[in-house]
Amino acid sequence: MTAILEQIKTKVTSALIKAFGEEMKAIDPLIAGTNNPKFGDYQSNVSMSLTKKLKKNPREIAQEIINNLDITDLCETPEIAGAGFINFKLKINYLETKLRTMQKDSRLGIEKVNQPQKIIVDFSSPNIAKEMHVGHLRSTIIGDSIARVLEFKGHQVLRLNHVGDWGTQFGMLITYLKEVYPSALTTADALDIGDLVTFYKQAKQRFDQDETFKETARQAVVKLQAGDEESLKAWQLLCQQSRREFQVIYNILDIHLNERGESFYNPFLPAVIAELESQNILQEDDGAKCVFLEGFTNKEGNPLPLIVQKTDGGYNYATTDLAALNYRIKEDQASRIIYVTDSGQSNHFAQVFQVAKKAHILPEKIEVTHVPFGLVKGEDGKKLKTRSGETIKLKDLLSEAIIYAQKDLETRLKNEERNETDDFIQNIAKTVGIGAVKYADLSQNRTTDYIFSYKKMLALQGNTAPYMLYAYVRVQGISRKGNIDFENLGENAKIILKEEQELILAKHLLQLEEIINEVEKDLFPNRLCNYLFELSQKFNIFFENCPVLQSEDTVKTSRLLLCDLTAKTLKLGLSLLGIPVLERM
RNA sequence: GGAUGCGUAGCUCAGUUGGAUAGAGCAACCGCCUUCUAAGCGGUCGGUCACAGGUUCGAGUCCUGUCGCAUCCGCCA
């Protein structure tokens with residue numbers, strides 16, 4: 001089943017060719033949804049754009065397009081309006097049969113892509129020996145949703161957790177632990193992860209202040225990178241412990257990832273340098289090996305280098321990223337690579353990609369995309385911190401959301417004099433709490449900073465997870481009350497669209513595929529959120545105005561089908577955001 | 001100084017390759033539960049789309065400049 005927009009596009013294009021010749025093949029027919037029902041459901045803006053080319057007035061062009069258009073299966077006769085807009089109004093019986101087809105299909109009529117791509121989504125990426133904190137929230141949630149959408153479309157997705165398990169930080173930590181807590185380097189779990197973080201901070205302080213310590217730490221990195229056994233053992237212990245901690249969070253969030261940290265690429269780093277050298281783009285500057293960049297300058301206006309090997313011989317993250325890119329293209333055979341990191345790294349990625357292109361590591365046909373996102377800020381508009389100024393641990397943030405949701409629920413149960421089991425309450429609190437955190441993040445255009453507020457994300461009205469979940473619950477309420485089995489409404493059950501509210505809901509339901517295709521292409525999950533919010537609103541209006549169970553048979557069946565399709569759409573849409581639904585709440 | 005992003009209603013934000021009258025939610029005020037979960041629905045109020053030019057049939061959207069905010073800027077990742 002092809003999205004309606006695509007079908008109209010194809011038909012208008014062939015009408016253009018018929019009317020004005022083969023050269024119209026390259027012209028985008030400029031089809032878009034209308035912003036006002038009086039203009040129908042879709043419009044083409046192409047006539048206005050062709051006036052110069054064809055030396056005719058736009059309404060004339062529009063008329064010729066319509067004369068050559070074969071669209072009677074989809075739409076009423078198109079009308080010309082305003083400056084030369086062509087308005088398309090979908091036929092009701094077309095809507096009815098198409099909706100029924102969707103409702104019967106487990107994928108709701110959405111086809112998988114013809115040519116699946118191998119796509120890498122690089123997201124989450126916490127640092128070993130540190131706890132996951134609020135800074136990892138967005139990458140984890142947005143990356144997961146993007147991966148889910150691409151997987152649903154049938155692509156082969158490799159979800160990579162590029163954990164920070166290598167580099168200067170380990171030299172620092174190992175050197176410091178050797179001094180103050182040597183058993184942590186030889187015994188598993190000798191330290192609590194929280195203490196490890198404390199030691200890490202102290203190590204960082206020493207590193208910044210104490211030159212001798214700095215030098216020892218640097219040597220420790222070199223030793224580690226050279227494969228020193230004692231260092232490797234210590235490093236592995238720290239990694240294992242962190243890994244288990246991360247997994248707790250991933251379990252709560254229901255996120256699956258393949259860990260492939262920076263260390264994985266360690267063996268390939270020298271080859272990167274050799275490659276850059278052989279292509280004559282490597283230069284030495286102040287003892288460091290660099291590639292000089294185009295379009296990046298320092299304060300004096302001189303070109304900025306990308307440093308790939310430090311004066312002490314160590315490698316840094318640019319080197320790792322180049323090696324990773326090379327590996328992902330050559331070994332993983334990825335044709336699209338997506339990096340979900342904060343927008344502060346935009347420069348870095350632009351630089352790495354530039355060098356990779358220059359060095360022929362990155363061919364033209366491979367699509368690499370940095371998917372940037374803004375900061376998480378507190379309600380005061382500043383970077384989110386605890387009251388005492390500490391970074392907020394992700395674990396704490398998530399449990400607080402669950403507690404908040406539970407309190408809300410318990411107040412409501414009390415007011416409504418409902419009695420529910422503890423299991424029921426726990427389950428709802430978790431689903432609503434975690435769903436709210438995810439949804440709040442995903443529903444905002446990711447490029448901007450976003451203000452984190454439990455109160456807003458858990459609000460029962462507005463563009464929030466609870467609102468969406470409630471719409472779903474309402475449908476389930478109908479089936480419970482009426483003892484309805486949605487899967488057994490009869491093969492001949494029909495959707496009949498009569499009321500205004502039914503039509504509005506129906507037309508919106510049909511847009512799902514267009515939206516998912518957009519997210520697949522542009523990687524903005526907030527479009528999907530917006531769609532689901534509008535769907536919920538439209539369903540609620542339908543629910544208020546169109547009684548289901550009390551209606552006479554054919555109307556009742558038709559409305560039940562609409563309810564079911566709405567519920568299925570919400571469930572699928574939310575699942576692509578990583579949010580499960582509830583039967584009751 | 002340079003790079004990138006942002007500036008839309010009192011607040012939080014949408015706004016699709018430029019398209020017809022710029023949209024939600026919150027807040028404020030007014031209505032609707034003997035009917036499928038009122039965690040809902042309807043209504044009222046609220047805008048020089050930062051500012052100034054430009055491009056064109058048409059600009060919140062594209063270009064130039066100005067102002068403001070944020071993030072980043074050679075050996076951390």
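Just so we're on the same page: letters track the sequence lines, and every chain starts at 1.
Backbone-only contact: A:Lys52 has heavy atoms under 4.0 Å from sugar-phosphate atoms and none from a base. Among the heavy atoms of the strands, none lies under 4.0 Å from A:Ile86. Residue-level contact check: A:Lys377 touches neither bases nor backbone, having no heavy atom under 4.0 Å from any strand. Within 4.0 Å (heavy atoms only), A:Ile541 reaches sugar-phosphate atoms of the nucleic acid but no base atom.
Here the separation of B:rU12 from B:rA27, taken at their P atoms, is 15 Å to the nearest Å. Remark: the separation of the C1' atoms in B:rA9 and B:rA28 is 13 Å, to the nearest Å. Between B:rG25 and B:rA14, the two P atoms lie 16 Å apart (nearest whole Å).
In this structure, A:Phe199 and A:Tyr176 have tilted ring planes: the angle between them lies in the 30° to 60° band. The aromatic rings of A:Tyr454 and A:Phe452 lie perpendicular to each other, with more than 60° between the two planes, well past the 30° mark.
Looking at A:Asp210 and A:Lys214, no side-chain N of the basic residue comes within less than 4.0 Å of a carboxylate O on the acidic one, giving no salt bridge. Between A:Asp312 and A:Arg218 there is a salt bridge, since at least one side-chain N of the basic residue sits less than 4.0 Å from a carboxylate O of the acidic one.
Side-chain atoms of A:Tyr467 lie closest to B:rG40 of the nucleotides B:rG15, B:rU56, B:rG40. Taking the side chain of A:Arg527 as heavy atoms from C-beta on, and the options B:rA70, B:rG19, B:rG15, the nearest nucleotide is B:rG15. Closest to the side chain of A:Asp28, from the set B:rC57, B:rU17, B:rA20, is B:rU17. Among the nucleotides B:rA14, B:rG40, B:rC36, the one closest to any side-chain atom of A:Asn526 is B:rA14. For A:Asn35, the side-chain atoms get nearest to B:rA20 when compared with the rest of B:rA20, B:rC36, B:rG40. When distances run from any side-chain atom of A:Asn540 to the nucleotides B:rU17, B:rC41, B:rC13, the shortest one goes to B:rC41. Comparing B:rA38, B:rA20, B:rA14 against the side chain of A:Phe543 picks out B:rA38 as the nearest.
In this structure, A:Phe123 has its ring center at least 6.0 angstrom away from the ring center of A:His162. Ring centroids of A:His508 and A:Tyr531 are separated by less than 6.0 Å, placing the two rings close together. Between A:Phe533 and A:Tyr439, the ring center distance fails the sub-6.0 Å criterion.
A:Ser263 and A:Asp165 share a side-chain donor-acceptor pair at under 3.5 Å.
The cationic group of A:Arg446 lies under 6.0 Å from the six-membered ring centre of A:Phe524 and within 45° of the ring axis, placing it in a cation-pi geometry.
Summarising the base pairing, B:rA3 is matched to B:rU71 through a Watson-Crick or G-U wobble pair whose two defining distances lie under 3.5 Å. With both pairing distances under 3.5 Å, B:rU66 is matched to B:rA50 as a Watson-Crick or G-U wobble pair.
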Just by protein heavy atoms under 4.0 Å, how would nucleotides 71-77 of chain B read 5' to 3' in B, S and -?
SBSBBSB
Per-nucleotide protein contact string for nucleotides 24-34 of chain B, where B marks a base within reach and S marks sugar-phosphate only (heavy atoms under 4.0 Å, - for neither)
SSS--------
Given A:Tyr339 and A:Phe353, is the ring-ring contact (aromatic ring centres under 6.0 Å, His included) satisfied, shown in steps?
CA-CA 12 Å; A:Tyr339 297 83; A:Phe353 295 158; 5.7 Å; yes
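In this structure, A:Phe85 forms no aromatic stack with the base of B:rG19, since the conditions of centre separation below 5.5 Å and plane angle below 30° are not both met.
Nucleotide B:rG46 is shown with an anti base, its glycosidic torsion being more than 90° from 0.
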